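Reviewing the structure listed below.
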Amino acid sequence: MSSESRLRRLTLLYNCTANTLILRTVTKKIAPWLAAGPEIVPQPTAICPIHLLLVIVLLSITSTLYLALHSRTVYLVDYACFRPNSDLRITKATFLEHARLSSLLDDSIVNFIATILERSGMSDETCVPPVHHYIEPCCGLDEARSEAELVVFSVIDDLLAKTCIKRDAIGGLITNCSAFCPVPSIADMIVNKYKLRGDIRVMNLSGMACSASMIALGLASNMLQVMPRGLHVLVVSTETIGPSYYSGNKRSMVLSNILLRVGGVAKLLSTSRSKARFRLVHFTRTITAANNSAYRCVYQEEDEKGNVGITLSKDLTVIAGDALKANIMATGPYVLLTSELLKCSLFNMARKMPHWRKIRPYIPNFCVTFEHFCIHAGGPAVISSVQHGLKLSDQHVEPSWMTLHRFGNQLSTSVWYELAYIDAKGQMKKNDRVWMIGFGAGYECNTASWVCIQPSSSADGPWGNCINHYPKDISKNR
């Protein structure tokens with residue numbers, strides 16, 4: 001039985017009991033006065049204590065059960081994105097020169113890298129971890145842990161400075177990093193660094209790639225439903241790409257070396273509206289791993305020479321489109337306007353008729369539902385396919401293209417850099433609605449819809465020193 005049905009039955013029981021008490025009171029106390037006539041003035045009498053006690057008990061039980069069963073609203077207090085230093089910057093020319101000088105790569109692979117870089121949509125301002133600045137990167141445990149600490153501690157420091165929250169108010173911690181899983185975990189690393197409370201609830205996610213940040217968001221929302229009120233959940237998302245470097249010559253596996261860049265974000269969520277910037281409206285997670293081709297389209301494996309890397313399938317964009325369609329079917333009833341839902345129903349009814357079976361399915365107009373879109377910046381093909389599928393304007397996908405150009409593919413954190421772009425441009429207004437779309441290994445499509453409560457008061461963030469140079473025309477680079 002759902003919580004809503006339980007609450008409905010409880011309300012009905014309370015109303016019946018209250019009405020019975022009122023009826024008895026009216027019958028015993030007021031009816032004799034009415035029968036006696038207007039000349040008799042009723043004398044004030046004390047309320048029966050047992051009746052008063054029963055009403056108080058019923059009100060207390062109803063209020064307690066309502067608070068226990070009612071879903072709490074989740075808010076995003078604020079977020080902070082990693083701002084890499086200029087010494088981590090790598091130009092496309094430098095990347096290609098390192099590939100040419102490497103003794104591990106064949107000439108055909110070097111030419112393939114040059115072609116992908118030219119079409120990647122990325123600028124010369126993207127950043128990679130220190131270990132990738134060597135001609136032949138070799139990432140050990142110490143280098144990987146240093147990379148994780150550099151990103152994770154930086155974003156948490158920025159977030160704590162922005163929110164001014166006390167560390168004792170953090171009751172939950174969720175981290176996600178796909179390929180790097182040290183012992184102790186990254187979550188334990190954070191607890192040790194910031195001396196968080198001993199009863200903090202900790203989750204450490206791995207292996208979920210580009211959609212992990214959205215998954216962590218859903219888990220944080222669930223966690224807040226059962227945590228004591230007043231506590232917050234800290235969500236830290238990053239990807240330590242140093243250990244994931246592929247040193248072989250298989251094209252489908254070398255793509256991750258070319259496209260992935262360093263990034264990270266920390267988010268603070270709460271059930272308190274005070275000081276919050278966004279309200280979470282709905283979160284939907286769609287998993288297609290039951291399908292073999294979807295399961296293996298992003299797959300970590302060894303090549304014929306034993307080199308470990310991540311294979312990206314040629315069918316990736318098709319599988320991503322199918323996952324997005326499934327997600328839209330689940331999300332639509334919760335976020336679409338009534339007019340759009342009615343159009344969808346009418347089209348579905350028409351397609352069942354013999355003469356109308358060949359008409360195309362109706363694609364809802366999400367542009368009237370959301371003012372802003374944050375689409376995972378996985379590459380030009382991903383952004384273009386989502387734009388075409390949802391019939392979005394160039395303005396709607398501008399944050400995704402500019403994030404890809406300035407920062408590259410930052411895996412699960414890219415949607416937050418896009419949100420930061422909208423904030424830095426001053427485009428976010430109160431009551432604006434935002435739709436985040438994340439894709440990841442499995443294959444998964446996860447979406448979250450937000451409503452802005454308080455626009456950002458400053459343009460400080462990852463775009464602070466370059467926002468005036470954007471948007472740029474990057475059509476030649478894709």
Side-chain angles (χ1 to χ4, degrees), residues 73-81 159 162 210-211 213-218 220-221 235 237 265-270 273 275-286 324 327-328 330-337 340 364-378 382-383 386-387 389-404 407 410 412-439 445-459 461-463 467 470-471:
T73 303
V74 175
Y75 299 93
L76 175 67
V77 180
D78 216 330
Y79 67 99
C81 297
L159 182 63
K162 289 175 69 174
C210 303
S211 65
S213 176
M214 306 296 289
I215 298 171
L217 179 65
S221 177
V235 181
S237 303
V265 61
K267 299 144 283 184
L268 191 66
L269 292 100
S270 172
R273 186 185 175 93
K275 299 182 180 180
R277 289 205 51 218
F278 293 91
R279 174 173 59 86
L280 180 63
V281 178
H282 189 71
F283 170 81
T284 304
R285 182 179 180 185
T286 304
L324 179 59
N327 188 280
I328 288 175
T331 305
Y334 297 96
V335 299
L336 287 175
L337 300 180
E340 290 300 310
N365 185 5
F366 286 93
C367 298
V368 299
T369 303
F370 300 102
E371 285 77 24
H372 308 284
F373 295 83
C374 298
I375 305 164
H376 167 56
V382 175
I383 300 174
V386 174
Q387 179 183 8
L390 297 181
K391 297 181 179 180
L392 304 179
S393 66
D394 291 340
Q395 184 178 0
H396 286 132
V397 295
E398 179 184 306
S400 301
W401 281 116
M402 297 306 106
T403 298
L404 179 64
F407 296 101
Q410 298 171 298
S412 66
T413 64
S414 63
V415 292
W416 298 96
Y417 282 78
E418 295 166 22
L419 184 62
Y421 178 87
I422 299 171
D423 279 337
K425 276 293 183 181
Q427 298 172 351
M428 186 68 68
K429 308 299 181 184
K430 186 176 181 180
N431 295 325
D432 276 3
R433 295 155 296 181
V434 187
W435 197 23
M436 288 184 173
I437 304 175
F439 300 98
C445 176
N446 303 311
T447 60
S449 53
W450 303 89
V451 172
C452 178
I453 299 175
Q454 180 64 43
S456 178
S457 57
S458 68
W463 297 90
I467 192 63
Y470 287 89

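The basis for the numbers below is simple: all heavy atoms, side chains too, and nothing from hydrogens, waters or symmetry mates. Since we're looking at a predicted model, the values are computed, not measured.
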Atom pair CD1 (Ile437) and CG (Leu390), whose distance is rounded to the nearest 0.5 Å: 5.5 Å
pair Leu337-Val368: side-chain heavy atoms closer than 4.5 Å: yes
Student check: side-chain heavy atoms of Met214 and Phe439 closer than 4.5 Å: no
Contact check, side chains of Leu268 and Leu159, non-hydrogen atoms, under 4.5 Å: yes
Heavy-atom pair with the smallest gap, counting every atom of Thr413 and Ser237: CG2-O, 3.4 Å
Derivation of the side chain to side chain contact (heavy atoms under 4.5 Å, CB included) call for Trp401 and Glu418: CA-CA 9 Å; Trp401 281 116; Glu418 295 166 22; over 6 Å; no
Euclidean distance, Leu324 CG relative to His376 NE2, rounded to 0.5 Å: 13.0 Å
CG on Leu392 to CG on Asn365, rounded to 0.5 Å: 9.0 Å
Minimum side-chain heavy-atom gap Leu280-Thr73 below 4.5 Å: no
Reported SG-to-CZ distance for the pair Cys445 and Arg285, which is rounded to 0.5 angstrom: 12.0 Å
Residues forming a ring pair (Phe, Tyr, Trp, His ring centres under 6.0 Å) with Tyr75, sequence neighbours excluded: none
Set of side-chain hydrogen bond (donor to acceptor under 3.5 Å, both in side chains) partners for Ser270, sequence neighbours left out: none
Arg433 vs Cys452, side chain to side chain contact (heavy atoms under 4.5 Å, CB included): CA-CA, chis, key distance, verdict: CA-CA 6 Å; Arg433 295 155 296 181; Cys452 178; over 6 Å; no
Could you list the donor-acceptor pairs under 3.5 angstrom formed by side chains in residues 424-431, with sequence neighbours left out?
unit_1, atom_1, unit_2, atom_2, d
Lys425, NZ, Tyr470, O, 2.2
Lys429, NZ, Gly426, O, 3.2

By side-chain hydrogen bond (donor to acceptor under 3.5 Å, both in side chains) - contacts of Ser412 (at least two apart): Asn176
Check: Arg279 and Val281 side chains under 4.5 Å, non-hydrogen atoms: yes
Gln410 side chain reached by Trp416 side chain, heavy atoms, under 4.5 Å: no
Test item: Met436 and Thr447 side chains (from C-beta on) under 4.5 Å apart, heavy atoms: no
Main-chain N/O of Tyr79 paired with Lys162 side-chain donor or acceptor, under 3.5 Å: yes
Note, Val451 side chain near Asp432 side chain (heavy atom, < 4.5 Å): no
Trace of the side-chain hydrogen bond (donor to acceptor under 3.5 Å, both in side chains) decision for Ser456 with Asp423: CA-CA 6 Å; Ser456 178; Asp423 279 337; 5.0 Å; no
For Ala377 against Ile383, the heavy-atom pair lying closest together: CA-CD1, 4.2 Å
Carboxylate-amine/guanidinium contact Lys275 Asp78, below 4.0 Å: no
Test side chain to side chain contact (heavy atoms under 4.5 Å, CB included) applied to Arg273 and Ile453, step by step: CA-CA 9 Å; Arg273 186 185 175 93; Ile453 299 175; 3.7 Å; yes
Single hit among Val335, Val434, Thr369 for side-chain contact (heavy atoms from CB on, under 4.5 Å) with Ser449: Val335
Heavy-atom pair with the smallest gap, counting every atom of Val74 and Ser221: CG2-OG, 3.5 Å
Ser400 side chain vs Ile375 backbone, donor-acceptor pair below 3.5 Å: yes
Name of the residue among Phe366, Tyr334, Phe283 meeting ring pair (Phe, Tyr, Trp, His ring centres under 6.0 Å) with Trp435: Phe366
Spatial distance of atom NE2 (His372) from atom SG (Cys367) [nearest 0.5 Å]: 12.0 Å
Gap separating the CG atom of Asn446 from the OG atom of Ser211, nearest 0.5 angstrom: 4.5 Å
Check: Gln454 main-chain N/O paired with Arg277 side-chain donor or acceptor under 3.5 Å: yes
With sequence neighbours excluded, residues passing ring pair (Phe, Tyr, Trp, His ring centres under 6.0 Å) with His396: Phe373
Results of side chain to side chain contact (heavy atoms under 4.5 Å, CB included) for Pro462 - residues two or more places apart only: Cys81, Arg83, Phe407, Tyr417, Ala420
